[in-house]
Amino acid sequence: MKDSHQLNESLKLANQGNEIERELLIQHYKPYVINVVSKICKRFVTWSDDETSIGLIALNKAIDTYKPNQGRTFLNYVYLIIKRDLVDYFKNEHKEKHLSFNHNPESESTLAEIETSMERHESQQKNEDIIEEILALNQQLVKFGIVFEELEQYTPTHKKTKKILLEIATALIKNQTCLESLYQKRRLPISELTKLVPYSSKTIERHRKYLITLVVIKLHPNWIHLSQLIDHEGKEGATYETSK
Amino acid sequence: MKHLNKEKGIVIKLTDESIVLMLDDGNFKNIPRSGEYPSIGEQYEFTKKKGFSYMNITKYASLASILIVSILVYVLSSGETNEPSYLMVMDINPSIEIEVGEQDKVLGMKGLNEDGRDVLRGLEHDQHITSLVKAIHHKLAELDYINDDEVATISTSIVSIENNIEHHQDVIQQIEAEFEQDQTEVFTNQVDYEVYENAEKLNLTVNQMDFYNQLKKQDKVKHVDEVRGLSIKELNELRDEKKGLQSEQNKPNGQIQNGKSNQTQSGSKKEQNASEQHNERQDTRQQPDQEVGNTKQENKEQPGSKDDKSKATPEQNGDVEETPKDSKETSETTEETTSQENEKRKPDSESQESNDLEDKNTNQPNRDQEVEQEREDQELSEEKDEKSTDGEQEEDSQSRASSRN
């Protein structure tokens, strides 16, 4: 995740012509773009849809024009730009029927109007940080060939197993060689891990992608919300057991 | 508890079919997307009910399937254990039949005659075949069927119900090993269930049937009734005798066993055979010693290989008529001690004459009986005088022989 300072630095670099930095930013926010486009279009879109291209172009534009001092987060700004561009696009293409908000005749989508709706959006979405965290997590997991939707099948069903996996993740992070091996080979060093912890390789193998996710989240304590969710699990497990 | 059915999570991705959530407990969950487009990072609430009930169903289903499987296993396994995999039929003269199931577990046992029932009395049948054989061995010794003074002869047949020949060999070896320590002659045999059924029809045990078949091949016996009730020792002696001269050592044992086994018709038939042999002896006395050597060798081979005997029968039969009488005499004489002997010997002399007839008629018991009766009558008149007068058996036979000559 990029905190506001890092983000501003990246934006600055991108604006100064650092194409790599720009590409990194775009990659980082791509999942957000497609999600926002889907939400606005009220249909599921893929990367081959026109609307997503417009979203990406809007993102690129946002990188150029974002001013950190105006009291608006970058995500908020990106949302705003994408929405405006999409509305313009639909108008031009006469596809208004697809857009529910166009039923309102007064919706001459001025920037101001959109901004007010953005306020609502903002209020609904107090957790912008979470989005940043999720996007960052996604970026990290892509390196390991993990996509979010497959994590469900690696998720432990029993609280006990979850605790064990947390323990394994902690042990892995503490062991520098294991951690290096994980990041170099993009694979869990299972045999080394079994020496570190008293659990079978089968357990590790069965939950390996979830375990990598745990490790990645634990390596980024600045992802407050996600870290909380993970820790929450541990506490929850504890209270659950005591309440029982 | 209602709130348990609702779960909250943060939307982390939308896919074509589902919303990927990271739940409050840190788990990941894909839930089907139904026309909604929540944004990333949004709190999303969903009812767990569907998944919950589904899980319940799977739980119950798995429980039910486990139950069904275990019931099936129980039924099948119990069915299997109740089915015998083989029968063990043991004859000395006490005849015993033991039903053995899987893993050599004894399922049941019964005495095939009064002596057999005596032997089995008080034995537990819920045990392994090896231990039961041991117990039977013990009981046999206790009841004096086996003792140190004499050589007992035991014939055991394994009747296969399930074809597991290798395993049966193991059992046979165990039985042989069990009785090896004693001075006991053990014949073991493995037969099919068909043979067992045939034997049952003839009211013989499998072992008796085996001897009967051999004796019949050798023309020593013409009818089943002649074999019925004889002890294995007697049968064995009968078989060996006819082939050649048998050493006389075994006779004392034979006497004891006969004494026990002669209770019914069995005794009478033995003696019929014996009397046949007497007749032959008289004819063949002229060729004595050479034959003895031959026959002894043959006898040694016999216990292991019954086939040899059957192959050798034509020659032996030839010999028998001429030579081996001496050995037969001695063994037979011991048997003759009982009072019934006289009657039975007589038919034998005729038996030679009517061999052909009898062979044809063996399947027709009525005719046989008639023929035998006739024979008996004739022979009675001829031989009664001789036998009744003789005090000792040996003298008996000698006198007979001399008189005939």
Side-chain angles (χ1 to χ4, degrees), chain A residues 29 31-46 75 79 121 124-135 137-138 141 146-157 159 162 165-166 209-210 213-214 217 225-237 240, chain B residues 1-70:
Chain A
Y29 286 105
Y32 181 67
V33 170
I34 199 168
N35 178 251
V36 168
V37 171
S38 276
K39 190 175 175 68
I40 293 170
C41 298
K42 298 206 183 307
R43 71 181 180 90
F44 184 76
V45 291
T46 64
L75 273 180
Y79 183 89
H121 173 75
Q124 286 167 1
Q125 204 166 328
K126 294 163 192 167
N127 42 3
E128 288 245 313
D129 289 344
I130 273 200
I131 301 175
E132 282 288 2
E133 288 173 16
I134 292 168
L135 292 176
L137 176 63
N138 183 53
L141 291 185
I146 300 172
V147 290
F148 281 140
E149 57 264 38
E150 66 179 340
L151 279 175
E152 185 188 30
Q153 67 190 86
Y154 294 94
T155 297
T157 44
K159 294 217 151 71
K162 259 179 255 169
L165 291 174
L166 266 178
K209 294 201 172 179
Y210 183 79
T213 312
L214 282 186
I217 293 175
H225 298 89
L226 294 184
S227 299
Q228 266 179 359
L229 284 181
I230 302 251
D231 283 343
H232 174 73
E233 173 202 350
K235 286 172 200 164
E236 173 90 342
Y240 176 78
Chain B
M1 294 297 279
K2 273 182 188 174
H3 67 280
L4 274 182
N5 289 342
K6 288 211 167 188
E7 278 208 30
K8 274 198 288 184
I10 296 166
V11 180
I12 56 174
K13 189 171 182 178
L14 283 190
T15 70
D16 197 2
E17 290 166 348
S18 55
I19 303 168
V20 184
L21 295 180
M22 190 171 176
L23 303 183
D24 284 352
D25 59 2
N27 285 353
F28 294 89
K29 189 158 184 65
N30 301 351
I31 59 169
R33 192 172 57 84
S34 49
E36 303 163 280
Y37 302 93
S39 20
I40 292 177
E42 207 174 273
Q43 280 281 349
Y44 189 89
E45 203 170 82
F46 66 100
T47 50
K48 210 181 171 185
K49 208 179 176 185
K50 229 184 178 180
F52 197 67
S53 64
Y54 171 73
M55 272 177 68
N56 274 348
I57 287 169
T58 52
K59 264 185 198 169
Y60 288 128
S62 57
L63 268 179
S65 60
I66 287 169
L67 256 178
I68 289 168
V69 166
S70 53

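Note that the structure is predicted; figures quoted are calculated from it, not measured. These values consider heavy atoms only, across backbone and side chains, with no hydrogens, waters or symmetry-generated copies. The sequence lines fix the lettering, A, B, ..., with proteins before strands; numbering per chain opens at 1.
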Participant: Measure distances from B:Thr15 to the heavy atoms of chain A and classify the residue's part below 4.5 Å as side chain, backbone, both or neither.
Facilitator: both
Participant: Quick one: CG on B:Asp25 to NZ on A:Lys162, what's the gap to the nearest 0.5 Å?
Facilitator: 4.0 Å
Participant: To the nearest 0.5 Å, tell me how far B:Ile40 CD1 sits from A:Asn138 CG.
Facilitator: 7.5 Å
Participant: List the steps, then state whether side chain to side chain contact (heavy atoms under 4.5 Å, CB included) holds for B:Ile12 with A:Leu137.
Facilitator: CA-CA 10 Å; B:Ile12 56 174; A:Leu137 176 63; 5.9 Å; no
Participant: Evaluate side chain to side chain contact (heavy atoms under 4.5 Å, CB included) for B:Leu14 paired with A:Lys39, printing each intermediate quantity in order.
Facilitator: CA-CA 10 Å; B:Leu14 283 190; A:Lys39 190 175 175 68; over 6 Å; no
Participant: For a 4.5 angstrom cut-off between non-hydrogen side-chain atoms, does B:Met22 reach A:Ile217?
Facilitator: yes
Participant: Below 4.5 Å, heavy atoms only, C-beta onward: do A:Arg43 and B:Tyr37 meet side chain to side chain?
Facilitator: yes
Participant: Looking at A:Ile34, A:Leu151, A:Ile134, A:Asn35, which one has more heavy-atom pairs under 4.5 Å with chain B than the rest?
Facilitator: A:Asn35
Participant: Heavy-atom distance under 4.5 Å to chain A: side chain of B:Leu23, backbone, both or neither?
Facilitator: backbone
Participant: Is there side-chain contact between B:Asn30 and A:Phe148, with at least one heavy-atom pair below 4.5 Å?
Facilitator: no
Participant: Would you mind checking which part of A:Thr213 comes under 4.5 Å of any heavy atom in chain B, side chain (CB onward), backbone (N, CA, C, O), both or neither?
Facilitator: side chain
Participant: How many angstroms lie between CD in B:Glu42 and CD1 in A:Ile131, if you round to the nearest 0.5 Å?
Facilitator: 9.0 Å
